[in-house]
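Beneath this line is the structure, given in structure tokens, with notes to follow.
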Amino acid sequence: MISRIDLRGAAFPEGGIDRDLLPRAELDVEAALEKVRPICEDVRHRGTAALIDYAHRFDGVAIERVRVPAEALERALVELDPAVRAALEESVRRARLVHRDQRRTDHTTQVVPGGTVTERWVPVERVGLYVPGGRSVYPSSVVMNVVPAQEAGVDSMAVASPPQAEFGGLPHPTILAACALLGVDEVYAAGGAQAVAMFAYGTEDCRPVSMVTGPGNIFVAAAKRLLKGRIGIDAEAGPTEIAILADATADPVHVAADLISQAEHDPLAASVLVTDSEELAAAVEKELDVQLGATKHVEDRIRPALSGRQSGIVLVDGLEQGLAVVDAYAAEHLEIQTEDAAAVAARVRNAGAIFVGAFAPVSLGDYAAGSNHVLPTGGCACHSSGLSVQSFLRGIHVVDYSREALAEIAGHVVTLAEAEDLPAHGAAVKARFDWKVPPSK
């Protein structure tokens, strides 16, 4: 069911492993751009009417309004299963602990007497938070988007999630309950590219936002790419992925369970095991068959995901090559199930989040580790980070120089301006000294 890629004995050029050798889903965001472009333009020009039309076309739901009424949010929280509410509250509590420690403080550097530069951290004024729907319901994504935005001090936030026919055209009630639990009262029944366009351009009901965050399907990713610049984005998130670096000490039951847990999300989800133990690989293959007989979503999600080209077992010569492979893969979620897992984890450079040892499965991070599960996918972890308080903050430099401090450096400023053939830059300094610029020291 799951394929093997044998890299043992392979020689790799200096600079690392060719990422094309590794399992990866084929996602053509560029092709999706041409599909979402007219949708976004339609929302730009027709606003709410376009959103209502797309709800009928894409979600099979007839709705009269897009904004979720306050009473629906209140009712969803009242009717929420007490056990689910308790779990969400604990997830929120742990997420707040972690994200509160990510807050930044302003810092002032005295460059010279009378000359300072202060870095101020200012939250984005208004954000749109996207929570996917469809195959599954993700109240945890409400927590992961809202908590860091709140801890960053964002004043205005709106949540969008696809309308559901089963719930009268509203988003799933558990999503609504999570919003109410977190005090978010601006929620929209809108999904896909049209929701991103609503946030970017605004409608009669929804004011434009400065930034959009949250995972979604390829059309959400394409809309983010199309509208980036008009709005800030967190990332173009694709299907979820897990990589597990394991040696002979790993338990094949744990490894198989964790591979399945991510395959459960989507037929395009990626589940990758990297190991130097052929015995472990064989045991995991057998265990996958065993565990698939006792779970849901096998034929529509798990089996297509595990058998797809995006998943596989990668055999390597040893730990060093294994580390090179997982760094080249740059997984959204990376589990380390090896001897001395903490030391191995400390050597990893590229991953959205790292889960250390036998008792830190990705599922823990999905819900209640305190970490954030909105993470870079598709190899983007080699240059991007997961969602955090910092995602919602902007650093602004405040430059404060006295006359004496400017005079001290004025000559250098004029010299550099003239070297760049920008004499007006130098003139702006000269004007402050009656065109008499003292030499810089």
Side-chain angles (χ1 to χ4, degrees), residues 33 37 40-41 44-45 99-129 148-158 196-203 206-213 223-236 376 380 382-441:
L33 272 177
R37 192 184 304 273
C40 293
E41 281 299 307
R44 181 180 189 178
H45 294 294
H99 290 84
R100 191 163 291 158
D101 278 348
Q102 295 172 354
R103 290 178 178 173
R104 294 193 174 190
T105 57
D106 295 356
H107 183 78
T108 299
T109 301
Q110 180 174 298
V111 182
V112 293
T116 64
V117 175
T118 299
E119 186 164 41
R120 287 177 49 208
W121 290 100
V122 182
V124 175
E125 183 179 356
R126 176 168 165 79
V127 299
L129 311 174
Q150 288 179 334
E151 293 300 322
V154 174
D155 288 330
S156 176
M157 63 189 72
V196 180
M198 173 190 72
F199 283 144
Y201 294 120
T203 66
C206 178
R207 290 191 295 113
V209 305
S210 299
M211 182 177 186
V212 174
T213 70
K224 283 183 170 182
R225 179 179 295 185
L226 177 68
L227 297 170
K228 183 169 62 174
R230 187 178 186 92
I231 52 171
I233 65 170
D234 52 343
E236 298 175 11
C380 292
C382 67
H383 56 70
S384 299
S385 304
L387 199 65
S388 70
V389 166
Q390 297 170 36
S391 304
F392 298 97
L393 295 174
R394 297 163 294 134
I396 300 176
H397 279 175
V398 180
V399 179
D400 187 347
Y401 267 55
S402 67
R403 187 182 191 283
E404 293 72 23
L406 177 60
E408 180 186 5
I409 194 65
H412 286 325
V413 173
V414 171
T415 297
L416 290 172
E418 291 173 351
E420 294 188 348
D421 193 25
L422 297 171
H425 282 59
V429 172
K430 293 177 182 179
R432 286 158 170 78
F433 299 98
D434 298 324
W435 303 95
K436 297 176 183 177
V437 181
S440 294
K441 299 175 182 179

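The structure displayed is predicted, hence computed values, not measured ones. In this chain, residues are counted from 1 in sequence order.
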| query | Sub-3.5 Å donor-acceptor pair from the side chain of Arg44 to the main-chain atoms of Ala197, do we have one? | reply | no
| request: Check for a donor-acceptor pair, side chain of Thr415 on one end and backbone N or O of Gly411 on the other, with a separation under 3.5 Å. | output: yes
| message | Minimum heavy-atom separation for Gly153 and Pro123, please, with both atom names. | response | O-CG, 3.6 Å
| task | Begin from the C-alpha positions of Leu406 and Arg432 and carry the test side chain to side chain contact (heavy atoms under 4.5 Å, CB included) through to its verdict. | result | CA-CA 9 Å; Leu406 177 60; Arg432 286 158 170 78; 3.7 Å; yes
| query | For Thr118, which of Val398, Asp400, Ile396 qualifies under side-chain contact (heavy atoms from CB on, under 4.5 Å)? | reply | Val398
| Distance-only, no hydrogens or angles: does the Arg100 side chain make a donor-acceptor pair with backbone N or O of Glu151 under 3.5 Å? | no
| Side chain Arg126, main chain Arg207, donor-acceptor under 3.5 Å | yes
| said: Donor-acceptor check, side chain of Gln102 to backbone of Val389, threshold 3.5 angstrom: yes or no? | reply: yes
| query | Hey, does the side chain of Asp106 reach the backbone of Trp121 with a donor-acceptor pair shorter than 3.5 angstrom? | reply | yes
| field | Check: Val111 main-chain N/O paired with Thr109 side-chain donor or acceptor under 3.5 Å | value | no
| field | Charged N-O contact under 4.0 Å between Glu236 and Lys224 | value | no
| From CA spacing to verdict: side chain to side chain contact (heavy atoms under 4.5 Å, CB included), Cys40, Leu227 | CA-CA 9 Å; Cys40 293; Leu227 297 170; 4.1 Å; yes
| query | Of all heavy-atom pairs between Phe392 and Ala152, which one has the smallest distance, and what is that distance? | reply | CB-CB, 3.7 Å
